S.K.: 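Here you go, one structure.
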Number of protein chains: 2
Amino acid sequence: MRQFVVVGHEVPAAAEEISLEDLPGAGRLDVLCRCVNSAFFLSHDLRESVRVHLVVDGYVVRFEGSELRRLNPDERSTGALIRDALAARENAIGAMEANPSPGVYVGSGDLGSTLEALGEDHTVIQLHEAGDPIAGIDRPSKPAFVLSDHHSFTEAEEDLLEEHAETRVSVGPKPLHADHAITVAHNYLDTDGYAEY
Amino acid sequence: MRQFVVVGHEVPAAAEEISLEDLPGAGRLDVLCRCVNSAFFLSHDLRESVRVHLVVDGYVVRFEGSELRRLNPDERSTGALIRDALAARENAIGAMEANPSPGVYVGSGDLGSTLEALGEDHTVIQLHEAGDPIAGIDRPSKPAFVLSDHHSFTEAEEDLLEEHAETRVSVGPKPLHADHAITVAHNYLDTDGYAEY
């Protein structure tokens with residue numbers, strides 16, 4: 001299982017503020033849509049053993065690869081899935097998430113609660129342009145990568161990551177968009193020993 | 001200079017058939033939009049030394065990184081740039097492309113003419129899931145990667161690639177979407193020696 005936690009700093013939880021005709025205008029929801037795409041899609045296939053947590057304005061939208069049925073690669077339809085999940089946020093009761101679409105869950109939460117809930121057996125890895133080169137780290141069997149959208153992590157978020165993250169890793173010498181970093185991280189994990197084939 | 005040639009097999013050149021509300025319905029134009037995104041975007045920056053050729057229905061839409069001014073990361077706005085370029089295709093006269101937006105050109109062409117025009121000094125590399133692992137190849141200084149959209153290359157295209165491509169390269173053991181393959185190819189070229197930092 002590979003997990004990705006992506007913090008969307010400006011996406012509104014209020015679904016009615018999200019227009020599918022203007023995903024960038026919805027707090028750069030387009031960035032999160034592309035992260036979901038990169039996390040799950042293979043050519044003509046889906047990565048089933050992947051979980052994505054989108055941290056958005058006091059809520060967390062969770063995607064379960066093994067259960068997803070209505071995810072398509074394009075930004076707009078993914079934006080609709082996220083919007084509809086946020087629209088169902090009031091149906092979450094306490095720790096019980098709502099499940100508005102197969103494999104899509106929504107509940108109250110933030111970065112702290114998400115990191116707490118990852119479980120002890122996961123290796124929490126902050127993806128950050130100033131981190132250690134990914135090529136130098138061992139490939140963990142249960143990584144949980146934490147990324148930010150187009151903004152840097154806040155100080156409070158950095159403090160949480162200081163506490164929970166095992167390491168800070170960079171996927172290359174050039175700073176990448178979050179979705180591109182997810183693609184490279186997947187590829188690094190995929191290619192264990194691949195150069196020797 | 002890094003170049004990417006992407007063949008869109010079903011995108012219509014007739015711009016009026018393209019709806020920004022349904023990019024997948026426009027012959028999977030969403031795939032090409034994501035390829036343009038992956039080819040050019042860095043975090044808060046653009047890769048200036050990149051050229052992208054989208055081969056579409058008898059026309060080629062060319063993006064020049066050093067000249068682009070109106071490219072945004074989201075799919076919809078990139079779709080609008082491509083649609084508007086195709087709408088201007090009749091303004092191209094003979095070998096003289098039209099230039100409907102800074103850094104965006106359109107002219108008649110196909111995969112054959114695009115490969116011919118790349119120039120002798122470029123190393124043409126077919127990205128293909130059955131190719132040799134990218135980690136085993138030397139990093140060329142002027143690569144031109146050729147990719148297909150969600151469909152395989154046709155037999156005629158394979159024949160052209162047989163003639164022009166120096167090598168057939170795979171970016172990993174799992175078959176990726178074209179845009180993800182571009183991200184990984186960029187990363188491989190970016191990280192020359194990076195593991196030793």
Side-chain angles (χ1 to χ4, degrees), chain A residues 20-26 28-31 33-34 37-38 40-45 47 72-79 129 132-137 148-152 170-197, chain B residues 20-26 28-31 33-34 37-38 40-45 47 72-79 129 132-137 148-152 170-197:
Chain A
L20 300 183
E21 273 75 60
D22 184 15
L23 295 176
R28 294 302 308 277
L29 181 54
D30 61 311
V31 176
C33 295
R34 288 194 297 279
N37 172 308
S38 295
F40 288 110
F41 281 102
L42 291 170
S43 186
H44 307 291
D45 204 1
R47 294 182 189 265
N72 288 301
D74 67 297
E75 256 170 56
R76 185 188 167 99
S77 67
T78 306
E129 60 193 73
D132 300 322
I134 196 168
I137 67 159
S148 186
D149 57 2
H150 59 300
H151 288 302
S152 300
S170 151
V171 295
K174 297 198 192 266
L176 301 186
H177 280 198
D179 59 312
H180 299 164
I182 289 174
T183 298
V184 174
H186 262 321
N187 184 256
Y188 180 68
L189 297 172
D190 290 344
T191 52
D192 194 2
Y194 187 61
E196 287 84 48
Y197 273 27
Chain B
L20 300 184
E21 272 75 59
D22 184 14
L23 295 175
R28 296 302 308 276
L29 181 54
D30 61 311
V31 176
C33 294
R34 289 195 295 280
N37 172 308
S38 295
F40 287 110
F41 281 102
L42 291 170
S43 187
H44 307 292
D45 203 2
R47 294 181 188 265
N72 288 302
D74 67 297
E75 254 170 57
R76 185 188 168 98
S77 67
T78 306
E129 59 194 72
D132 300 322
I134 195 168
I137 67 161
S148 186
D149 58 2
H150 58 300
H151 288 302
S152 301
S170 151
V171 295
K174 297 197 192 268
L176 302 186
H177 280 197
D179 59 312
H180 298 164
I182 289 173
T183 299
V184 174
H186 263 321
N187 184 255
Y188 181 68
L189 297 172
D190 289 345
T191 52
D192 195 2
Y194 185 61
E196 287 84 49
Y197 273 27

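Computed from a predicted model, the values in this text were never measured in an experiment. Numbered from 1 within each chain, the chains take letters A, B, ... in sequence-line order.
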S.K.: Would you check if A:R28 and B:D74 make a side-chain contact, meaning some heavy-atom pair closer than 4.5 Å?
M.R.: no
S.K.: So, A:H150 side chain and B:H44 main chain: donor-acceptor pair closer than 3.5 Å or not?
M.R.: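 Side chain of A:H150 to backbone of B:H44: no pair is present.
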S.K.: Need one label for A:P73: side chain, backbone, both or neither, based on atoms under 4.5 Å from any heavy atom in chain B.
M.R.: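 The answer is both parts of A:P73.
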S.K.: So, does B:R76 use its side chain to make a donor-acceptor pair with the main chain of A:E21 at under 3.5 Å?
M.R.: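 Yes: the side chain of B:R76 pairs with the backbone of A:E21.
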S.K.: Out of A:D45, A:D22, A:L23, A:L42, return the one with the most heavy atom pairs under 4.5 angstrom to chain B.
M.R.: A:L42
S.K.: Under 3.5 Å, sequence neighbours excluded: what are the donor-acceptor pairs made by side chains of residues 180-188 of chain B?
M.R.:
| from | atom 1 | to | atom 2 | distance (Å) |
| --- | --- | --- | --- | --- |
| B:H180 | NE2 | A:N37 | OD1 | 2.9 |
| B:T183 | OG1 | B:S38 | OG | 3.3 |
| B:T183 | OG1 | B:D179 | O | 3.2 |
| B:H186 | ND1 | B:R2 | NH1 | 2.9 |
| B:H186 | NE2 | B:A39 | O | 2.8 |
| B:N187 | ND2 | A:V171 | O | 2.8 |
| B:Y188 | OH | B:I134 | O | 3.3 |
| B:Y188 | OH | B:A135 | O | 3.3 |
| B:Y188 | OH | B:I137 | O | 3.0 |

S.K.: Which pair of non-hydrogen atoms, one from A:T191 and one from B:P173, has the smallest distance, and what is that distance?
M.R.: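 For A:T191 and B:P173, the tightest heavy-atom pair comes out as CG2-CD, 3.5 Å.
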